[in-house]
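Before any comments, here is the structure.
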Amino acid sequence: MTELVHYDLAEGIATITLDSPHNRNALSAQLVGELFERLERAENDDAVRVVVLAASGTVFCSGADLSEASTGDFAEGPRAIVRLQRAIATHSKPVVCRLQGAVRAGGIGLVAAADIAVAVESASFALTEVKLGLAPAAISLSVLPRLTPRAAAYTFLTGEKFTAADAVAMGLVTRAVTAAELDPEVRRIAAELATGSPQGLRETKRLVNRDLVARLDAGAEEMAELSARLFGSDEARDAMMAFLSRGK
C-alpha cells in the first residue's frame, strides 16, 4: 500500500505529514493506523523534542472516511478517533498543528487535541456531522473544552463554515497567519518549544491536559456507542450515500 503518513526528523522536530489526496486526508483506517505508528515513533525517539502535525494538499483533514464509516463495525472508527486524540494529548512532546487548508469534522478533533495550532488565514473549519444525521460525538471530548459554550452550540448545531480568525476567537486555534507566514511561524514556535527541557515539557503538558485526558477516558465508550448508533441509522446511511454519490 502507498504510505499515507510521512515522517521526517530534523533538528529535534519530527514532522508528521498526512498525504492521502484521493480522499482529502480523510481518517481512513490506514491513515489512522499510520498516524498512530508515527506518533509512537516520535514518542520513543529521544532526539525528538517537538512534533509538528501537517498535511499536504489544500485540505488538512476532511474528517471520517465515509466510504469506510458507512460499513462494518460502526463503533470501531470512533473508538480509534478517541484513542488518537488521547495519543496526541498525552504525547510527552508538544504537538503543533500546521493548518494549511480546510479542516472538517473529525479533523477538528486532531486540532483540538494538539497543544498549539497555527492556521493560514484562508483555512476554513466546519463541524458538518449534523448535516448527515450524525453528531461530532468522539471529537466532542476534545473540541468542547476548547470552545466557549456559545461557540460550541453554534458550530455544532449549524454545521456552518467558520474562518481561521473565528477559530482563534473561539479558542480552537492558537494563531492565524498569512500563507507566507505559516511555515516561519510554525518553525519559530517549534524552535521555542525545543528550548524547554524534556522533563519540563512532559510534566507541564501533563498538567495542562489533565482535565482533557480525564474527559477522553471517561467519555470514550459512551461517545463510541453514540456514534455507532447514529452511523447505523437509516437517516445517516441515506445521507452518507447521497454525499458519496455527489463525488462520483
Side-chain angles (χ1 to χ4, degrees), residues 1-8 13-42 51-71 76-89 91 95-129 131-132 134 136 138-139 142-143 155 159 161-164 167 172-174 176 179 182-183 186 227 231 240 243-244 246-248:
M1 292 186 292
T2 301
E3 180 180 84
L4 301 183
V5 182
H6 310 310
Y7 185 96
D8 178 71
I13 301 170
T15 301
I16 299 173
T17 304
L18 311 183
D19 184 23
S20 182
H22 73 282
N23 61 6
R24 304 189 307 160
N25 296 323
L27 297 169
S28 64
Q30 182 188 344
L31 185 142
V32 169
E34 291 183 15
L35 184 48
F36 271 122
E37 191 279 331
R38 309 304 186 258
L39 288 167
E40 184 177 7
R41 181 175 171 183
V51 175
V52 172
L53 182 57
S56 64
T58 59
V59 176
F60 175 78
C61 179
S62 60
D65 186 333
L66 295 182
S67 64
E68 294 182 356
S70 58
T71 60
E76 182 179 348
R79 286 194 185 103
I81 298 305
V82 174
R83 292 196 303 271
L84 185 55
Q85 292 171 97
R86 192 182 193 283
I88 294 170
H91 206 284
V95 177
V96 179
C97 268
R98 173 193 179 274
L99 305 175
Q100 90 297 354
V103 190
R104 296 289 184 268
I108 293 180
L110 304 185
V111 178
D115 302 294
I116 296 170
V118 182
V120 69
E121 289 172 339
S122 59
S124 65
F125 301 76
L127 291 150
T128 53
E129 290 88 345
K131 306 291 189 182
L132 299 174
L134 305 170
I139 64 168
S142 66
V143 176
T155 56
K161 288 195 295 185
F162 54 98
T163 67
L172 178 65
V173 167
T174 310
L182 181 61
D183 285 327
V186 170
S227 287
F231 272 107
M240 286 188 287
F243 178 85
L244 291 169
R246 291 208 309 255
K248 294 180 179 179

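On a predicted model such as this, the values are computed, not experimentally measured, just so you know.
- For the pair R83/F36, a side-chain contact is recorded, criterion being any heavy-atom separation below 4.5 Å from C-beta on.
- One distance of note links CG of L27 with CG of L18; it measures 8.0 Å at 0.5 Å rounding.
- With sequence neighbours excluded, the residues satisfying side chain to side chain donor-acceptor pair (under 3.5 Å) with R79 are E221.
- Using a 4.0 Å cut-off between charged side-chain N and carboxylate O, R41 and E37 make no salt bridge.
- Closest heavy-atom contact between A123 and G101: CB-O, 3.4 Å.
- Nearest heavy atoms, A164 versus A176: CB-CB, 3.9 Å.
- V32 approaches A80 most closely through the heavy-atom pair CG1-CB, 4.3 Å.
- Between the side chains of R104 and S124, a donor-acceptor pair is found at a separation under 3.5 Å.
- Residues N25 and F60 have side chains not in contact (no heavy-atom distance under 4.5 Å, counting atoms from C-beta outward).
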Exercise. Before giving the answer on side-chain contact (heavy atoms from CB on, under 4.5 Å), spell out for D183 and R98 the whole-Å C-alpha distance, their side-chain angles and the decisive distance to 0.1 Å.
Key: CA-CA 8 Å; D183 285 327; R98 173 193 179 274; 2.6 Å; yes
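- For the atom pair CD (Q100) and OG (S122), the distance works out to 9.0 Å, reported to the nearest 0.5 Å.
- Sorted by first then second residue, the ring-ring contact (aromatic ring centres under 6.0 Å, His included) pairs that include residues 103-127, not counting sequence neighbours, are F125-F162.
- I139 places a side-chain heavy atom less than 4.5 Å from the side chain of L127.
- Taking every heavy atom of both residues into account, V120 and L182 meet most closely at N-CD1, 4.1 Å.
- For Q85 (side chain) and A138 (main-chain N/O), a donor-acceptor pair under 3.5 Å exists by modelled atom type.
- Within the 3.5 Å criterion, the main-chain N or O of V5 finds a donor-acceptor partner in the side chain of R38.
- When every heavy atom of A117 is checked against every heavy atom of V111, the shortest pair comes out as CB-CG1, 3.8 Å.
- Residues S28 and L4 meet the side-chain proximity criterion, which asks for heavy atoms closer than 4.5 Å.
- Note that CZ of R24 and OG1 of T58 are 8.0 Å apart. Values are rounded to the nearest 0.5 Å.
- Atom CG in L35 sits 6.0 Å away from atom CD1 in I16 (nearest 0.5 Å).
- S56 places no side-chain N or O within donor-acceptor distance of the main-chain N or O of T17, the cut-off being under 3.5 Å.
- Side-chain contact between C61 and V59 is absent, with no heavy-atom pair separated by less than 4.5 Å.
- How far CG of D65 is from CD of Q30: 10.5 Å, rounded to the nearest 0.5 Å.
- Although no hydrogens or angles enter the test, the distance criterion places no donor-acceptor pair under 3.5 Å between the side chain of T174 and the main chain of V118.
- Across A105 and T128, no two heavy atoms sit closer than the pair CB-OG1, 3.9 Å.
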Quiz item: Is there a side-chain contact (heavy atoms from CB on, under 4.5 Å) between L39 and L84 once you walk through the steps?
Solution: CA-CA 9 Å; L39 288 167; L84 185 55; 3.9 Å; yes
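- Rounded to the nearest 0.5 Å, atoms CZ (R86) and NE2 (H91) are 13.0 Å apart.
- Residues L132 and L66 form a side-chain contact, since some pair of their non-hydrogen atoms from C-beta on lies under 4.5 Å apart.
- Contact check for V96 versus I13: no side-chain heavy atoms found under the 4.5 Å cut-off.
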